Structures are given as C-alpha cells and as structure tokens.
Amino acid sequence: MASPAVARPWAAFSANAAFGLRSAARSSRGFATTTSTTQRAQLQQTVKRNTPARIPRDSVQQGFKRNYSSETPKVVKKKSFRFLRWTWRLTYLSAIGGFAWMCWGIYQNRTPEDQAEPDPNKKTLVVLGTGWGSVSLLKKLDTENYNVIVISPRNYFLFTPLLPSCTTGTVEHRSIMEPIRNFLRHKKAAVKYYEADATKIDYEKKVVYINDDSEIKGATSATEVPFDMLVVGVGAENATFGIPGVKEHGCFLKEVNDAQKIRKRIMDCVETATFKDQTPEEVRRLLHMVVVGGGPTGVEFAGELQDFFENDLRKWIPEITNNFHVTLVEALPSVLPMFSKQLIDYTEQTFKEETIDIRTKTMVKNVTETYIEAEHTDAQGNKVMERIPYGLLVWATGNAVRPVVKDLMNQIPAQKDSRRGLAVNEYLVVKGTDNVWAVGDCAVANYAPTAQVASQEGSFLARLFNQMAKTESIEQELAILSEEQASAQKDARDEALAKIKELQKRLRRTKTMGPFEYSHQGSLAYIGSEKAVADISWLTGNLATGGQLTYFFWRSAYLSMCFSTRNRILVCMDWLKTQIFGRDVSRE
Ligand code: FAD
Ligand code: NAD
C-alpha cells in the first residue's frame, strides 16, 4: 500500500528524518520507541526506492521557503542567501588557493634546479658577510654575470629584529635563521661559499685573506682569495668604549650564541638564587637583571625579559617574585632617542607600569663580576658614583668598527677622516677606491645603522652590478659590430648600423642609473606587555603610535619581513606555542 509519503518522496524524507530525530531524542531521554525494527526497515526501503539519488538544491530551498517565506520577503531572503553563499565560496577558494600557493613555494624551495657553472672569463666578485646587506645583494644579483664568492664565518642569514625574543624563548633561534646554502643553491649560476673570517683585505693586491676559525680545519692551508670587485658587508661589532670588564662579564646581543648565552644565564641566576641557604642580599643581586644601553636593543630585551618574568617565571618559581627586578641604564636623558618625544614618554610610562626601573643620565664606567660602577648626573647637575650589583648584565651600547674594516681604512688615504666605518659615495663605492663597495653597518653614508638601510643598500648594489654587466656586454657587442660593419658590403653595413644605433640607445638607458636613495619606512620597537611603538612614514608626514594595536602591526610587519615561508611558519608556530604552553623555563 502506497503511503502518502511515497507519493511525495521529499515529504517522506522529511517525515523520516523528523521521525529519526524524534526517536533519537526520545531514546536519549530514556524513552523506548513504539515503532518496531521491521516497520522502520520497511519504511526506509520505500523511501529509498522513491527518493532521487540526489535531491535538487532548488527543491530543498523551495522546501525551506514553503516553511518560512510568510515571515521574510522572498527577494531579500534570496539575495542575502546568494551573497552568503558566494562569500563562503570565495573564502574557501582563497584559502585553498593560498594553501596551494604556499605548497608550491615550499616544493620549489625543496627542489632546486641545476645551476650553470661559473664562467672563468667573467670578473670575480667577492662578497664579505651574510647579513642584511650582503644577502639582499645576493638575492637580487644575476649571478650569471660574475664569478661570485661569498665569505662569512656564519653560514646563515639571521633575522635580527626577532633576536631579543630568542633570549627568553618566545621565538626559537632556528626559526629566524635561514641557511645561506639553501638560498644560494637557487641562484641561476653557482656561487662559491667559504665559511671563514676575512682577516685582511689587501686593496693594492686585490686579495682577501681568510681564516677558517671553526673546529674542523681539513688539509687545506689556502688563505688568499683574489678579487676583481669586492663588496664589504661585515657589519659591526659591539661597542664597549674600552670600559674595563665589559667583555669579561657582560653579555652582548648581536648573534644567535649571544641570545642562547643570555637565556642560559637568566635561568642560572634564577636557580642559583633559589639554592639552599642563599643569603637575602645574594638573592637580590642574582635576581637583578641589568641592561646597559637604552637604544632599541636594550629596550626590546628589557621588555621581553619582564614578560618572561610576569608570564612564566613567577608562576613556576614563585619564591623569586619579590626579588626579580629589571633595570635599564642609559647615559642620555631618555631612552629610544631616535623615536619621537611622545613615544619616548609612552615607553617610559609603560616601563614604569611594568616595574622596569629606568636609570637615565647614568653612564657605566666600570664592570666587575658582581656589580657595575656608574656615574649618575642628578637634577642639580652633580655627578654621583654608585655601585649597582647584578646577576645578569646585558650590554647593548651600539656598534663599533670591525678590525678588518679598520685595517682597510688605514690602507686608503681618502678614508683617514672617517671614524665610524668605510666612507662611501652615493653609489656606495668606498671613497678612494674604484672596485670596492660597502653596505650596511660597516659603511658610513649618513644613515642609521639599521637592517632597513642595509637591505636597501644591498638591493641597490645588485641593480647596479646587473646594469654594469649589461653595459659591458652591450659595449662588447658594439665593438664587434663596429669591426664587422667596417669591412661589410653595403646591405650588411646598413643592417649593422641600425643594430649599432639600437645598441647605443640601450647603452644610454643602462648607463643612466641614479645614485642610492634611502626610503625610510619607519621605526618599530617592542616594549613589553604586548605593546609596541612605531614611528611610521605616512604620506608626507610621520605617524607616531604605541600600544597593543601597534604590537599586532609590529608582529605582522616582522612576520612579512622574515626571509622565507619556512621562517614565517616557524615563527608563527613559536608564537602560538608560547601562547598555549608558555615559555620553557628549563636551562639547557
Ligand atoms: P650584519 O647583519 O651584522 O651581518 C654581518 C655579516 O658579516 C654576518 O654574516 C657576519 O657573520 C659577517 N662577518 C663578520 N665579520 C666578518 C669577517 N671578518 N669576514 C667576513 N664576514 C664577516 N634594524 C632594523 O632596521 N630593525 C630592527 O628591528 C632591528 N632589530 C635589531 C635587533 C638586534 C638585537 C640587533 C643586534 C640589531 C637590530 N637591527 C635592527 C639592526 C640590524 O640588525 C643591523 O643594522 C643589520 O644587521 C646590519 O646589516 P649588515 O649586513 O651590515 O650586518
Ligand atoms: P644604540 O646605539 O641605538 O643605543 C645605544 C645606547 O647606549 C645609546 O643610547 C647610548 O647613549 C647608550 N650608552 C652608550 N654607552 C653607555 C654607557 N657607558 N652607559 C650607559 N649607556 C650607554 O644601540 P642599539 O640599541 O644596540 O642599536 C644599534 C643599531 O641597531 C641602531 O642603529 C638601532 O637603530 C638598530 N636597531 C634597531 C631596532 C629597531 O628598529 N627595532 C632594534 C635594535 C637595533
């Protein structure tokens, strides 16, 4: 017997679904159903036979409309439904597209293609360093034009803006390192890399002397690398101003091993402070973390350290709560001198709330194993010497010139007045030379020693070298054509002349490359408690902002600036890990 439900399969389906829900609800409330298993099976069979394999979407919509259309106007409902459907479709299509693009990027990165061998007839370009300046040069350089040799003791690029986060484990150090080999292997023509320090540059002989300072040396005693063109991008070393005891007792914050050393020392101080029978005075000293230098490195580190204490240390080691203390010592009247006044005030106010002690107008003069001696200038202008005991001392007082750079400066008379590094002209050529260029912190070009400047200088040099190679090849072509044209028949001569004109036009274009111009995008710094400050170049003016929104901007800006997709993913995962599990308080 055909039931009414069989005549209208959709209704039967609804009825059955409703029945299923009702019975499920009943059984979940502990009721027994009245329909027997056989009856149910029969009903399901009938519905199956009469229900189309796929119910047309329109009929489903109509089914819904029949129920609810009396309350909402039909057209509005249809439009909003369509809008939602398309929004959803676009969202998941973009998510799939983004994911596919990322996978393709990763695949390409993992499968480098064969590279052309360097041509020995081409000029040898030696690049010193694998930091911001040198790497951005290598990124954009067409390596088919030169025999490129890279020399650096560090076989990776380090994303320094997130280095302060590594000192407390917010970000793991490997997440901000990119192996130089991975990246060089993707260049069109192979690039040689030697893991060594450049110990001396002989400008007259055009030779760089190198020394492999690593533990394993091998059987070679090669120390000379000749060059036709040289780019010096060795950065700077930590300034100590000759203050006694800094090198022996302080920790710097420039390289990965500095961050690792600080991370270990923090935990060593904390564990030692909680050691059996420690005197209260010693506990206070061990838990006093002193940062010298109120530039962005010192401020960011102080903020990270206070975060570590607030979010993790005091939770797991509550006995240190009353004695753990961070102090920032700065010789000038304020911290972050390169930021605008309102951001300086905001930073100082935030530090006060975070209970970080700021000691401005205090210049450190001497460092011992357990205390620093500093000269403080009070409000009346009197100078007072004081002793500040510490457990951890982080020294962040800026840059000094590396010995290899100093030595090169001494060889070139035009550099005799330069103090802070290699003086360069507007094309980044080292003054007094014609085949040596300098980028980044070791070059003096009237810009601040920042990653932003170094990377723009590197990109500029890459464009310059690519242009120079193009110019040279056009000039060679022109010379050959001119010779051919002189001895050619009339028709061939006309053709050659037309080609020469075209090449001359191209030559004029390639020769008109303007000088280096720095474009300042702004300055950003993290100040702790999920707050950041930013001085951003905005249209024709400057936008000064600070707080939590700026912190999200800081994070997204630095994430987008990371070297590779791999770095971006790893950094994101580290941030997520810290958010979920907190920072690791074990000492490796
Ligand atoms: P580096 O990046 O220091 O690279 C120098 C390279 O030369 C390294 O590979 C080194 O191993 C190599 N080298 C050293 N000696 C030799 C030698 N004798 N022979 C051969 N190679 C050698 N700037 C910003 O703009 N924004 C920021 O947020 C920011 N944050 C920072 C955070 C920290 C903790 C620090 C320390 C710096 C930060 N900076 C920032 C500054 C920025 O890192 C530097 O200005 C930038 O690294 C300079 O680039 P560079 O290429 O000149 O030198
Ligand atoms: P810095 O030169 O910016 O600041 C060093 C500070 O140490 C100065 O304010 C100086 O007055 C102080 N100082 C020097 N000797 C002292 C002493 N004996 N006692 C007390 N204070 C003393 O150094 P930095 O913070 O290491 O930065 C180096 C470069 O890297 C800068 O150009 C900076 O802009 C850049 N950087 C930028 C960022 C960022 O943009 N977020 C972060 C880190 C570094």
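Numbers here simply count residues along the sequence, with the first being 1. Everything quoted here is computed from the prediction, not taken from an experiment. Because only heavy atoms are used, hydrogens play no part in the values below, and waters and symmetry mates are left out as well, while side chains stay in. One-based numbering, in listed order, for ligands and for the atoms of each.
Electrostatic pairing of E530 and R555 does not count as a salt bridge here, judged by no charged N lying under 4.0 Å from a carboxylate O. In this structure, K531 pairs ionically with E353, as a charged nitrogen and a carboxylate oxygen lie closer than 4.0 Å. Using a 4.0 Å cut-off between a side-chain N of Lys or Arg and a carboxylate O of Asp or Glu, K205 and E224 do not qualify as a salt bridge.
Scanning the protein for heavy atoms near atom 2 (O) of ligand 2, the closest one is G398 CA, 3.6 Å. With hydrogens left out, the protein atom closest to atom 21 (N) of ligand 1 is P153 CD, 3.3 Å, a heavy atom. Here the protein heavy atom with the shortest distance to atom 8 (C) of ligand 1 is R154 CZ, 3.6 Å. Summary of contacts: the protein heavy atom closest to atom 21 (N) of ligand 2 is A331 N, 3.2 Å. With hydrogens left out, the protein atom closest to atom 3 (O) of ligand 1 is G235 CA, 4.1 Å, a heavy atom. The nearest protein atom to atom 7 (O) of ligand 2, hydrogens excluded, is given as G293 CA, 3.3 Å; this is a heavy-atom distance. For atom 17 (C) of ligand 1, the closest non-hydrogen atom on the protein side is A198 N, 3.6 Å. In this structure, the protein non-hydrogen atom closest to atom 1 (P) of ligand 1 is G131 CA, 3.9 Å. The nearest protein atom to atom 13 (N) of ligand 2, hydrogens excluded, is given as T397 CG2, 3.7 Å; this is a heavy-atom distance. Nearest non-hydrogen protein atom to atom 10 (C) of ligand 1 is S152 OG, 4.1 Å. Regarding atom 47 (O) of ligand 1, its nearest protein heavy-atom neighbour is W132 CD1, 3.1 Å. From the protein, the heavy atom lying nearest to atom 17 (C) of ligand 2 is V364 N, 3.8 Å. Among all non-hydrogen protein atoms, the one lying nearest atom 28 (O) of ligand 1 is Y558 OH, 2.6 Å. Counting only heavy atoms of the protein, atom 4 (O) of ligand 2 lies nearest to G295 CA, 3.5 Å.
Ligand 2 has T362 within reach: a non-hydrogen atom of the residue lies less than 4.0 Å from it. Ligand 2 has A396 within reach: a non-hydrogen atom of the residue lies less than 4.0 Å from it. Ligand 1 does not have F157 within reach: every non-hydrogen atom of the residue lies 4.0 Å or more from it.
Close contacts of ligand 2 with F241, meaning ligand atoms under 4.0 Å from a residue heavy atom, involve 14 (C), 15 (N). Those atoms of ligand 2 that come under 4.0 Å of a heavy atom in V292, given as number and element, are 19 (N), 20 (C). For ligand 1, the atoms lying closer than 4.0 Å to a non-hydrogen atom of P449 are 45 (O). In the vicinity of T450, heavy-atom distances shorter than 4.0 Å reach the ligand 2 atoms 34 (O). Near D197, meaning under 4.0 Å from any of its heavy atoms, are these atoms of ligand 1: 16 (C), 17 (C), 18 (N), 19 (N). Short contacts between ligand 2 and I243, defined as distances under 4.0 Å to a heavy atom of the residue, involve ligand atoms 18 (N).
Of the candidates G440, G129, G133, G133 brings a heavy atom nearest to atom 51 (O) of ligand 1. Here atom 14 (C) of ligand 1 lies nearest to V234 when heavy atoms of V234, L253, V127 are compared. Distances from atom 43 (C) of ligand 2 to the heavy atoms of T297, N238, V291 show the closest one on T297. When the heavy atoms of P164, P296, A374 are ranked by distance to atom 3 (O) of ligand 2, first place goes to P296. When the heavy-atom distances from atom 12 (C) of ligand 2 to E300, M338, E330 are ranked, the shortest goes to E330. In this structure, of T130, D441, I210, the residue bringing a heavy atom nearest to atom 48 (C) of ligand 1 is D441. Relative to atom 25 (O) of ligand 1, the option among P161, A451, C442 with the closest non-hydrogen atom is A451.
Annotation: T160 places an N or O atom under 3.5 Å from an N or O atom of ligand 1; distance criterion only. Between P449 and ligand 2, at least one pair of N/O atoms sits closer than 3.5 Å. Residue T297 has no N or O atom closer than 3.5 Å to an N or O atom of ligand 1.
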**Request:** Please lay out, stage by stage, how E375 and T377 fare under the test side chain to side chain donor-acceptor pair (under 3.5 Å).
**Result:** CA-CA 7 Å; E375 188 182 76; T377 311; 5.3 Å; no

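When heavy-atom distances to ligand 1 are checked against a 4.0 Å cut-off, A454 comes that close only through its side chain, counted from C-beta outward. Neither the backbone nor the side chain of E300 has any atom closer than 4.0 Å to an atom of ligand 1 (non-hydrogen atoms only). Only the side chain of Y558 comes within 4.0 Å of ligand 2, judged by heavy-atom distances. Contact annotation: for L524 versus ligand 2, heavy atoms closer than 4.0 Å belong to the backbone alone. The residue F301 has no part lying near ligand 1, judged by heavy-atom distances below 4.0 Å. Contacts with ligand 1 closer than 4.0 Å are made by no heavy atom of L158, backbone or side chain.
Side-chain contact between T550 and V533 is absent, with no heavy-atom pair separated by less than 4.5 Å. Side-chain atoms of V571 and C562, non-hydrogen and from C-beta on, do get closer than 4.5 Å to each other. No side-chain heavy atom of D228 sits less than 4.5 Å from a side-chain heavy atom of N435.
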Tabulate below the donor-acceptor pairs under 3.5 Å that side-chain atoms of residues 287-295 make, not counting sequence neighbours, or state none.
{"residue": "H288", "atom": "ND1", "partner": "P389", "partner atom": "O", "Å": "2.7"}
{"residue": "H288", "atom": "NE2", "partner": "T327", "partner atom": "OG1", "Å": "2.6"}

Ignoring hydrogens and angles, write down the donor-acceptor pairs under 3.5 Å from the side chains of residues 422-433, residues two or more places apart or on other chains.
{"residue": "N425", "atom": "OD1", "partner": "Y427", "partner atom": "N", "Å": "2.8"}
{"residue": "N425", "atom": "OD1", "partner": "L428", "partner atom": "N", "Å": "3.2"}
{"residue": "N425", "atom": "OD1", "partner": "V429", "partner atom": "N", "Å": "3.1"}
{"residue": "Y427", "atom": "OH", "partner": "M513", "partner atom": "O", "Å": "2.8"}
{"residue": "T433", "atom": "OG1", "partner": "V430", "partner atom": "O", "Å": "2.7"}
{"residue": "T433", "atom": "OG1", "partner": "V436", "partner atom": "O", "Å": "3.3"}

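For F516 and Y447, the gap between ring centers is short of 6.0 Å.
Here the side chain of E178 pairs no donor or acceptor atom with the backbone of F563 at under 3.5 angstrom.
For the pair K123 and F465, the cation-pi criterion (under 6.0 Å, within 45° of the ring axis) is not fulfilled.
Put simply, the residue from V171, T578, D574 that forms a side chain to side chain contact (heavy atoms under 4.5 Å, CB included) with S165 is V171.
In this structure, S334 OG and L343 CG are separated by 11.5 Å, a value rounded to the nearest 0.5 Å.
Relative orientation of the W554 and Y558 rings is perpendicular, given thresholds of 30° and 60° on the angle between their planes.
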